[in-house]
Student: 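This is the structure I have questions about; it appears just below.
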Amino acid sequence: MRAPENPKPTRKPRLLSGMQPTHDSLHLGNYLGALLSWVQMQDTYDAFYAVVDLHALTVEVEPDALRERTRRTAAQYLAGGVDPARSTVFVQSHISEHAQLAWVLSCITGFGEASRMTQFKDKSGRHGAEGTTVGLFTYPVLMAADILLYDADQVPVGEDQRQHLELTRDLAGRFNSRYGQTFTVPEPHIVASTGKVHDLQDPTSKMSKSAPSQSGVIDLLEDPRVIAKRIRSAVTDAGREIRFDEVQKPGISNLLGIFSSLSGRSIESLEADYEGRGYGDLKKDVAEVVVALATPYRVRTLALLADPAELDRILAEGAERARDVASVTLARVYDRVGFLPSKR
C-alpha cells in the first residue's frame, strides 16, 4: 500500500513594514499607529521589520546622525516588543537588493503616475524644483521594491501611505503581466483609527516630527517629567463636558483616544467615568498612563544602545535572514527581464 504523500509545508502570511530613522526618538503616534500592531502581529505573520535608512536620504542628514538614528530606531523596535527571534529586524541599506530592484521597477513606472503621488506633490510644492530631489520623486518606487522583494502578503500602512501601496500593487501586476508570475501582489493592512494620535497643540493634525512646533509631540525617549508637562498643557475645547467628538471636541477626543488605546478601555467607559469631572482630571490620568508606558520603554532602549555590538549583531542576523529571501526574488526578476546570469 502506497504511503500518503506529505502535505506541502505552508508558511505564515508574510508582513513587511518599516520606519525611517529621521529622528532620535519615536513618538507616541509611531507607537500606537504602528509599533504596537507590529508586536501583536508577529505571532500570526512571518514579519519583516526594516529600518528604512535609504528613504531617510530624501532629506539632508549628517552621516553621524544617520548612523546614530538608525541604531536608535532599531533599538526602539526591540524595546517596544518586537522579538528578533520571531521577526526579522534589519537595516534596509544592508540589503543591496532593495536598490537593485528599485531600478528595474523604475523602468516600468510611468512618469505621470509617479508625478501624481500626493506626498511628492505636497513636498515639491513647498520646496520648489531646485529644492526637490530625484530621490524624493522615486521614493514610492523604492518603497515598492521594499515590499515586493519579500513576497509580502500584507503591508501595515496608514491612510497617508495607501496611495504608495496602490502603486506597488500596480507595478507588481504590470510586471507579472509582462514577464509572467513573479511578485506577490500585497494587500493593505490599514491601521485602525483608534491608533491615530493627533498633535497635542493642534489636535486637527496628526502627531508628526515635521510639525512646526514640537510642543505637541510626545517623544517616548523624552524625560517622563517633560512628557507629563506636555500632556497637562494639551489644548482642550470649549465647554466642560468630556466626550468623544472629533469635530466639536478634537482636543478632548485626542486625549480620550490615547487613554483608550493605552489602557484597553472603551471610549464609552471613559466618558462615563469622567462625567461631571474636569479636563484637568483627564489630563492628569492620561499623563500617568503615558508615563507608565514611556518610562520602561526608555530604560529598555537606553540599555540596548549601551551595547552597540550586541545591537549590531542582532541587525546582522536579521540582514542575513532578509537577504536569503531578497536574493531569491531578485534572481527571479533578473532572469525574467533577460539579464545574463552572474558567474561569480
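These figures come from a predicted structure and were not determined experimentally. All residue numbers refer to positions in the sequence shown, counting from 1.
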Student: Where does the angle between the aromatic ring planes of Tyr45 and His189 fall among parallel (under 30°), tilted (30 to 60°) and perpendicular (over 60°)?
Tutor: perpendicular

Student: Please determine if Lys206 and Asp199 form a salt bridge, counting it only when a charged side-chain N lies under 4.0 Å from a carboxylate O.
Tutor: no

Student: Please check this pair: side chain of Thr138 against backbone of Val141, looking for a donor-acceptor N/O pair closer than 3.5 Å.
Tutor: no

Student: Apply side-chain contact (heavy atoms from CB on, under 4.5 Å) to Ser17 and list each qualifying residue two or more places apart in sequence or on a separate chain.
Tutor: Trp38, Tyr49, Pro156

Student: Can you sort out the partners of Arg277 under salt bridge (Lys or Arg N to Asp or Glu O under 4.0 Å), two or more places apart, ordered by chain and number?
Tutor: Asp281, Asp285

Student: Does the side chain of Phe244 come within less than 4.5 Å of Ile252's, by heavy atoms?
Tutor: no

Student: So that I can tick it off, tell me whether Arg116 and Glu113 are bridged by a salt bridge, with the cut-off set at under 4.0 angstrom between side-chain N and carboxylate O.
Tutor: no

Student: Regarding Arg332 and Asp151, does a basic nitrogen lie under 4.0 Å from an acidic carboxylate oxygen?
Tutor: yes

Student: With distance as the sole test, does Thr182 use its side chain to make a donor-acceptor pair with the main-chain N or O of Gly180 at under 3.5 Å?
Tutor: yes

Student: Might you work through the salt bridge (Lys or Arg N to Asp or Glu O under 4.0 Å) test for Asp219 and Lys209, ending with a clear yes or no?
Tutor: CA-CA 9 Å; Asp219 286 329; Lys209 293 298 290 184; 2.9 Å; yes

Student: Report yes or no: does Arg298 contribute a side-chain atom to a donor-acceptor pair with the main-chain N or O of Leu221 at less than 3.5 Å?
Tutor: yes

Student: Within a strict 4.5 Å, meaning less than it, do heavy atoms of the Arg72 and Pro21 side chains meet?
Tutor: no

Student: Donor-acceptor pair, distance only, cut-off 3.5 Å: does the side chain of His23 make one with the backbone of Ser25?
Tutor: no

Student: Please tell me whether Phe90 and Tyr150 form a close aromatic pair, meaning their ring centres lie under 6.0 Å apart.
Tutor: yes

Student: Report the C-alpha distance between Gln42 and Ser87 in whole Å, list the side-chain angles of each, state the deciding distance to 0.1 Å, and finish with yes or no for side chain to side chain donor-acceptor pair (under 3.5 Å).
Tutor: CA-CA 6 Å; Gln42 63 184 342; Ser87 301; 2.8 Å; yes

